[in-house]
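I have placed the structure first, in the form of C-alpha cells, so that the comments after it can refer back to it.
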Protein chains: 2
Amino acid sequence: MTKDKILNVALDMFGQFGYEDTALSDIAKTVGIKKPSIYNHFNSKEDIFREVLDEVIRRERAFFSEELKIASDLTCEEQLRELFEQYNERMATSEVGLFWKRVTFFPPECFAEVIKEKFKEVEGTFTEILKDVFHKGKEEAVIRDLPFETLTASFYTVIDGLFLERHFYGEDEYLLRKEASWKVFWLGIQHPEI
Amino acid sequence: MTKDKILNVALDMFGQFGYEDTALSDIAKTVGIKKPSIYNHFNSKEDIFREVLDEVIRRERAFFSEELKIASDLTCEEQLRELFEQYNERMATSEVGLFWKRVTFFPPECFAEVIKEKFKEVEGTFTEILKDVFHKGKEEAVIRDLPFETLTASFYTVIDGLFLERHFYGEDEYLLRKEASWKVFWLGIQHPEI
DNA sequence: CCTACCGATCGGTAGG
DNA sequence: CCTACCGATCGGTAGG
C-alpha cells in the first residue's frame, strides 16, 4: 500500500534528517509519486509525523515483548549484559533508534510533549524487565543491596551515554567505551565478596 | 561591535534551533539590523558558522585553563566529584553546552569533520586533567588499578549520558540519575578495602 | 547600513 | 494519482 510506503520512508527520513529538514517532495520522490499525491493519504505533514510516531511505538512494543525474552539459564550478570547489548544494538542499528535520537533530542516543538510521554512509556516497559533481573541478583547476593532506582537509573545513564557516543565516535572508540563502561558499572553494582 | 553581536546571537540560535533552522533574518532581527547588513561582516552563512565554532573553542579553552583548577587539598574522590559536577554544569547551563549538543549530534553535513576534530581536541585537554586525578587515586590506593582508558572512558560515558538526559527528563529525574550514576561509578572504580 | 529584488524551495491547494 | 499553481520564506545580490 502506498500509505505504508510513505510511512516507512518518512520514518527513515525523519530519523536521518529530522522533521523540519525532511521535505515532503523528498519523501514523495523516494516513494515514487509526486508530492501532492501524499495528500490523498494524509492531511498534513504533522499528520504523517503522528502516524510515524504510532508506528514506532508499535515496533518498540513488539521488540520488548518478543525479542527481549532473556534466557533464564543465564547467570544474573549474563542476563544483564544481554539486556545491555540488545538495547545498545537496537538503538544503534534500527531505524527506530535513529528516529528516537533525532526526535527525543530536538523534537519538533509542537510534538515535544507527546514524544516525551510515549518514550517514557516505552522506557517503563524496559524498566520492569530490568527490575526483575536486579531483584534476582539481590536475592542471590550477586548484586549489591542498592535501591532499584539507583540500579536502573545508573544503567540507563550508561546506555544513554553509549547511545550518544556511538554515532559520534568511530566504532573502535565506541567499543572501547562500551567495554570500559560495562566493567565499571558491573564492579559498581556487584556484591563485594567477603 | 556589530560583528561580535552577530556572532553571539548566532552562537545562541545555532544552539537553540540548529544551523539549518536558524534563519539569517532571525539573527538580523535579534541583532537589530536587516538581513543584508550581515553580509558586510560575513561572506556567507557558512562563514558565520566557522567563526562561531572558533569562538566556542576559545571559550572552552578558557574554561579548562582557568575554571578547572581543582583545589589540591581535596581528597581524590572529592576532586573527581568536583570535575564531574563542573563538567555537567557547564554542559547544561552554558550556551556552549547547548551548541555542542546540537552540533555534535546532528552537525550541518559540510562541517561534520571539523566539528568532530575540534571537539576531540577539547576533550583531550580535559582527559589530561582527569588522568592526573586518576593517577593520584591509584598511587594512594584509593582507586582500583584499572587502565587509564577504562577509567576515563567510563567517566565520559556517564557524563555523556547525563548530558543527554538533562535536557530530556525534568530536573528531578536528572538529579536522581546523576546521584545514582555517581554512586555506582565511584563504587566501581573505588579500591576494594581488604 | 538600507531598500528592493533574485531564484529556489517549502507546505499546501485547486481541479481534474 | 497528476499538473499547475499559491503565498511564505530561504540564502544571497545589486546598488546606493
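Letters A, B, ... are given to chains in the order of the sequence lines, protein chains preceding strands, and every chain is numbered from 1.
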Between Phe155(A) and Phe84(A), how do the two ring planes meet: parallel, tilted or perpendicular, split at 30° and 60°? perpendicular

Any chance the rings of Phe49(B) and Phe14(B) have centres within less than 6.0 Å? yes

Taking atom C1' of dA8(C) as reference, at what distance in whole Å does atom CG of Asp21(A) sit? 16 Å

Can you tell me how far C1' of dG12(D) sits from CD of Glu46(B), to the nearest Å? 12 Å

Less than 4.0 angstrom from a charged side-chain N to a carboxylate O is my criterion; do Lys178(B) and Glu85(B) meet it? yes

Return the stems involving DNA chain D, sorted by first number, where pairs are Watson-Crick (N1-N3 with N6-O4 or O6-N4) or G-U wobble (N1-O2 and O6-N3), both under 3.5 Å, and runs are 3 or more long. C:1-16 with D:1-16

Dump the pairs, protein N or O against N or O of nucleotides 9-11 of chain C, anything under 3.5 Å, distances to one decimal.
| residue | atom | partner | partner atom | Å |
| --- | --- | --- | --- | --- |
| dC10(C) | OP2 | Ser25(A) | OG | 3.2 |
| dG11(C) | OP1 | Thr22(A) | O | 3.2 |
| dG11(C) | OP1 | Lys45(A) | NZ | 2.8 |
| dG11(C) | OP2 | Leu24(A) | N | 3.0 |
| dG11(C) | N7 | Lys35(A) | NZ | 2.8 |

When you measure from the side chain of Lys138(B) to the backbone N and O of Leu146(B), does any donor-acceptor pair fall under 3.5 Å? yes

Pairing of Arg166(B) and Glu89(B) as salt bridge, 4.0 angstrom limit: yes

Counting neighbours of NZ on Lys5(B) that are heavy atoms of other residues, nucleotides or ligands and sit closer than 6.0 Å, is the number greater than 12? no

Which label fits Trp182(B) and Phe185(B): parallel for a plane angle under 30°, tilted from 30 to 60°, or perpendicular past 60°? tilted

Between His167(B) and Phe105(A), is a side-chain contact (heavy atoms from CB on, under 4.5 Å) present by the stated rule, with each step listed? CA-CA 8 Å; His167(B) 280 97; Phe105(A) 289 12; over 6 Å; no

